[in-house]
Participant: 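Here's a structure for you.
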Amino acid sequence: MSNGQSIKVVDAFDLDDELRSLLKPGEMMRDGQGRRHRLPRYFYEIPNHEAAVNIRLSNHFGLNEFTLVDLKEAPRLQQFPRYVPCAVRVLAFYLEQFRREVGASVHIAVNGAYRSPSHRLSQTATPHMWATAADIYRIGASILKGKETIEKYNGIAEDLSDDIHILPYGHVTGLNADDHVHIDLGYITVIPREISEDRMEVPQENRPRFAFEERRRKERRTNGAEPTET
Ligand SMILES: [Zn+2]
C-alpha cells in the first residue's frame, strides 16, 4: 500500500462455508455475451470499519470507497471482516490517473465498485465482481447527468489507456448508466506475491454449500443402509 499499511490477503477457499458460497471463488460465470470467466480467489480481508476508512489504496482513494454497498449486497458480506478481490488496487491505480487527468475529485457511487457474485445486481459476470470496475457519479462539483457530460468523461477515460473500457451513454445492463460513468479494466485476477499456487482447490459448485449439508450427508450414511455397489 502507498502508505506502508499492509492488508491481510486470504485465499477464499480457506473461508467458512457461508462466505465461500457467497464469494464463489474459482467458479465460472457467464457474462452478458455468454463468455465464461473464473471468479477471483484471493481477497483482501478488511478487519473493521477503522481499517476500511484508514487504509488507502492510492493517494486519493481509500479502501472504503470501493466497498460501499446497500441492502442489495448479501448481509453477511456487509459485516466485518469484509472481503474485496486483490485486483482492487489495480483499479485504484487507474482511477488515480483518471483523477489527475480530470483535475478534480472522483466519486464512486454506492454499489458502484466491488459487488460480490451474490449481490442483487450481479445477474451476469461483470468486472464489478472482480473489483476492476467503478461507477462514477460525481467529478468535482459536477453530478454526471446528461449525454454531453458523460461522453466527455468517457472520452477522457478511454484516451488514458487501452486497458480502460467504458460503457456508452444509455447502456442498459443492470444499472441505469445515464447517471454515471462506468470505467472497467476487464477481468483482471491478481495473485498476490505472498501466495503460493501449489494448492489446487475445486470450486464449490460440486461440493456441499454449507456445513450442515455435509453433516446431514454423513448422518444419512451412518443411519441409513449402506448403498450397495453394483
Ligand atoms: Zn458499472
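Because the structure is predicted, anything quoted here is derived from the model rather than measured. Every number for a ligand or one of its atoms is a count from 1 in the order of the listing.
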Participant: Looking at Tyr137 versus His180, is the centre-to-centre ring distance below 6.0 Å?
Facilitator: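 Distance test on ring centres: not under 6.0 Å, no.
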
Participant: Of the backbone and side-chain N, O or S atoms of His180, does one lie nearer to the Zn ion (ligand 1) than 2.8 Å?
Facilitator: no

Participant: Tell me whether the centres of the aromatic rings in His182 and His128 are closer together than 6.0 Å.
Facilitator: yes

Participant: For Lys24 and Ser21, work out which heavy atoms get closest and say how close.
Facilitator: NZ-O, 3.2 Å

Participant: To make sure I understand the geometry: which N, O or S atom in Asp135 is closest to the Zn ion (ligand 1)?
Facilitator: OD1

Participant: Report the angle formed at the Zn ion (ligand 1) by atom NE2 of His128 and atom ND1 of His182, rounding to the nearest 10°.
Facilitator: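 Seen from the Zn ion (ligand 1), NE2 and ND1 are separated by roughly 110°.
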
Participant: Hey, is Asp16 close enough to Arg76 for a salt bridge, meaning N to O under 4.0 Å?
Facilitator: yes

